[in-house]
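As the structure is a computational prediction, the values presented were derived from the model and not from experiment. Residue indices begin at 1 and follow the sequence shown.
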Amino acid sequence: MEWIHLLIQGVLLGGLYTLFATGLSLMFGIMRLVNIAHGDFIILAAYVGLVVIDVLGIDPFLALLVVVPLMGGGGYILQRVLLNRTLGSDILPPLLVTFGLSIIIQNVLLEVFSGDSQRVNLDNGLDIASIQISEYISIGVLPLIILILSILVIVVLQFVFYKTELGRAFRATSDDQDIARLMGISNKHIFGLAMAVAMAVVAVAGVLLSMRTNFDPSVGPSRLLYGFEAVIIGGLGSLWGTLAGGLILGVAQAVGAHIDPGWQILMGHIVFLVILVIRPRGLFPRSID
């Protein structure tokens, strides 16, 4: 029973890691962009959510209706104004630019909000509520909601990519930019929309993170690392693989924490390295096509 409870807790944690990884997977799958500032954008979304909740006095879940469009619109502008200029055969320029963005975001957040740890308070007690399955097994309500939302995000994105005109444009641009351009598709506009979708997912991840745990301006790189590991475990560009990678990483960390509290993060890294050695392209390698 104890190990079943442990497995459940790991899967619930993996739901949050899936949200961390999905935006990263979208950026790479469509634009071949490795965004070093991805984790810092997650923390930025968490702070935006915190401000929206405090200023408007609304429920944290309702704050998503404000934060998601803000982050999505900001992502489109960022891609069109800055990041599109860095894309090309050389991967170094986007890496350097996003690394610079990471430093800027961290320092701006530090200046505005200080280095104190923050967390969104849930007045309804949702963060401590749980469903008791048996004497030894309980499921946290908030982690369960996060897991359900992460699966819902994957389902919606799968629908967008395979059932809509926008999705076909995404896949065409990902496959061959030159041919897509000849077919009348504006690569710059499509990349901007891809970043907008990715940042919308980042917004969801950031707001849910702010509900589940404490955060401060310096924790962005660790969120990037968890997202990166989940993407690599699942397979680059595969949305369902990203979900699997997030769940595997969450379970690995839960098992590590059970063995020894100091092993929680280490166990996730060990599983990542083992899978990378055995399956260098991940468990479910697949392009968004």
Margin query: side chain to side chain contact (heavy atoms under 4.5 Å, CB included) for Ile133 and His5? Distances and angles first, verdict last.
Written below: CA-CA 10 Å; Ile133 304 299; His5 177 72; over 6 Å; no
Check: Among side-chain atoms of Tyr17 and Gln253, is any donor-acceptor pair under 3.5 angstrom?
Finding: yes
Notebook entry, point to check: Any link between Ile270 and Ile278 through a network of hydrophobic side chains (Ile, Leu, Val, Met, Phe, Trp, Tyr) touching at under 4.5 Å?
Noted result: yes
Notebook entry, point to check: Just by modelled atom types, is the Gln106 backbone N or O under 3.5 Å from a matching donor or acceptor in the Asp40 side chain?
Noted result: no
Checklist line | Over 12 foreign heavy atoms within 6.0 Å of CG, Leu110 | finding: yes
Item checked: Spacing of Ile248 atom CD1 and Ile275 atom CD1 [to the nearest 0.5 Å] -> 5.0 Å
Checklist line | Side-chain (Ser25) to main-chain (Ala21) donor-acceptor, under 3.5 angstrom | finding: no
Checklist line | Gap separating the CG atom of Leu50 from the CZ atom of Phe113, nearest 0.5 angstrom | finding: 6.5 Å
Check: Which value, rounded to the nearest 0.5 Å, describes the distance between Leu83 atom CG and Tyr76 atom OH?
Finding: 13.0 Å
Margin query: Could you tell me if Arg32 sits above the aromatic ring of Phe28, with its cationic atom closer than 6.0 Å to the ring centre and no more than 45 degrees from the axis?
Written below: yes
Item checked: Backbone N/O of Thr18 and side chain of Thr22: donor-acceptor pair under 3.5 Å -> yes
Next item on the list: Taking His38 for its side chain and Val202 for its backbone only, find out whether a donor-acceptor pair lies under 3.5 Å.
Entry: no
Note to self: I'd like to know if Leu92 and Met31 are part of one continuous hydrophobic network [Ile/Leu/Val/Met/Phe/Trp/Tyr, side-chain heavy atoms within less than 4.5 Å].
What the structure shows: no
Next item on the list: Please confirm whether the backbone N or O of Arg212 pairs with a side-chain atom of Arg119, one donor and one acceptor, at under 3.5 Å?
Entry: yes
Item checked: Any donor-acceptor pair under 3.5 Å from Ser150 side chain to Leu147 backbone -> yes
Note to self: Could you see if Leu24 belongs to whatever hydrophobic cluster contains Leu225? Use Ile, Leu, Val, Met, Phe, Trp, Tyr and a side-chain cutoff under 4.5 Å.
What the structure shows: no
Item checked: Gln132 CD: over 12 foreign heavy atoms closer than 6.0 Å -> yes
Notebook entry, point to check: Would you call the rings of Phe170 and Phe161 parallel, tilted or perpendicular if under 30° counts as parallel and over 60° as perpendicular?
Noted result: tilted
Item checked: Cluster link Leu243 to Phe159, ILVMFWY, side chain under 4.5 Å -> no
Margin query: Tell me if a side-chain donor or acceptor on Ser174 pairs with a main-chain N or O of Gly29 at a distance below 3.5 Å.
Written below: yes
Next item on the list: Report the distance from atom CZ of Phe228 to atom CG of Asn35, rounding to the nearest 0.5 Å.
Entry: 12.5 Å
Check: Roughly how far, to the nearest 0.5 Å, is CD1 of Ile30 from CD1 of Ile190?
Finding: 8.5 Å
Checklist line | Donor-acceptor contact below 3.5 Å, side chain Gln9 vs main chain Ser138 | finding: yes
Margin query: With rounding to the nearest 0.5 angstrom, report the CD1 to OG1 distance, Ile179 to Thr173.
Written below: 11.0 Å
Margin query: Quick check on the hydrophobic clustering: are Val277 and Ile232 connected, directly or via other members, by side-chain heavy-atom contacts under 4.5 Å?
Written below: no
Item checked: Set of salt bridge (charged side-chain N to carboxylate O under 4.0 Å, His left out) partners for Arg85, sequence neighbours left out -> none
